[in-house]
Amino acid sequence: MALSAALDLMARVVGVSFVDQTPVSFNKLCGKKQLQGPVDTLRKAKERWVNRFKDYRDCFVHYTPADNRVYADIIPHGSGSILRCKLPTNPNIRTVEGFKYSKKVEILTYGATLYRHFSALDKAVAKDIMKLYKNNEFPKRTKNLFFIGQRTR
């Protein structure tokens, strides 16, 4: 949930790269084909890893709560143990009974991967914005920044 909110906050920051009001959600901003620059960087991330992340988020928030069934194993390892918690390989299936699993898809590994992806995205967007700033092209909008509490189209 926090990562989803962070992506939307990033969209808000990127949005002030443009004179006109932009969508405040990551997905809607990426959908604006006429926007370039840092939005291109967001789109690349969307295709590379955000879509999959959003599939998991939608799966567990809207359709199949993560605590519905626990798929965790504690495996003895040396003098301690390892916790393994599987994620379904097919999060767009809307029933727990339909999920398929692989040993390669585990929540802790996936979480670490998401952290690396988001950190890289954050650095790439900051680089895009700094380039615009050095060229006196950022921010282009300094008023009515986020329309907090209001929906925009």
Flag yes if [X] and [Y] sit in one hydrophobic cluster, no otherwise; membership is Ile, Leu, Val, Met, Phe, Trp, Tyr, and two members link when side-chain heavy atoms are under 4.5 Å apart.
| X | Y | result |
| --- | --- | --- |
| V96 | V61 | no |
| L35 | L9 | no |
| Y133 | V13 | yes |

Using modelled atom types only, decide if a donor and an acceptor are shared between the side chain of [X] and the backbone of [Y] within a distance under 3.5 Å.
| X | Y | answer |
| --- | --- | --- |
| D8 | F26 | yes |
| N90 | K100 | yes |
| R141 | G15 | yes |

Just verifying a value: how many Å separate [X] [atom1] and [Y] [atom2], rounded to the nearest 0.5 Å?
| X | Y | atom1 | atom2 | answer |
| --- | --- | --- | --- | --- |
| L121 | L42 | CG | CG | 6.0 Å |
| F99 | C59 | CZ | SG | 3.5 Å |
| T113 | L108 | OG1 | CG | 10.5 Å |
| T109 | L114 | OG1 | CG | 11.0 Å |
| L29 | R43 | CG | CZ | 7.5 Å |
| K86 | E106 | NZ | CD | 8.5 Å |

Taking every non-hydrogen atom, the tightest pair across [X] and [Y]:
| X | Y | value |
| --- | --- | --- |
| A6 | F118 | CB-CZ, 3.7 Å |
| V24 | R12 | CB-NE, 3.6 Å |
| K32 | P23 | CE-CG, 3.7 Å |
| T64 | R94 | OG1-O, 3.4 Å |

Can you find a heavy atom in the side chain of [X] that is under 4.5 Å from one in the side chain of [Y]?
| X | Y | result |
| --- | --- | --- |
| F53 | P91 | no |
| K54 | N51 | no |
| E137 | S17 | no |
| C30 | V50 | no |
| V16 | K140 | no |
| M10 | V125 | yes |
| I82 | I74 | no |

Next item on the list: Please step through salt bridge (Lys or Arg N to Asp or Glu O under 4.0 Å) for the pair K131 and D128, ending with a clear verdict.
Entry: CA-CA 5 Å; K131 183 177 176 184; D128 291 345; over 6 Å; no
Next item on the list: For V39 and F18, run side chain to side chain contact (heavy atoms under 4.5 Å, CB included): C-alpha distance rounded to whole Å, both residues' side-chain angles, the deciding distance at 0.1 Å, then the answer.
Entry: CA-CA 10 Å; V39 177; F18 307 97; 3.7 Å; yes
Note to self: Please determine whether the number of non-hydrogen atoms from other residues, nucleotides or ligands lying under 6.0 Å from atom CD1 of I107 exceeds 12.
What the structure shows: no
Note to self: Does H77 have more than 12 heavy atoms from other residues, nucleotides or ligands lying within 6.0 Å of its NE2?
What the structure shows: no
Notebook entry, point to check: What residues, two or more places apart in sequence or in another chain, satisfy ring pair (Phe, Tyr, Trp, His ring centres under 6.0 Å) together with F138?
Noted result: none
Next item on the list: Please find out if less than 6.0 Å separates the ring center of Y56 from that of Y110.
Entry: yes
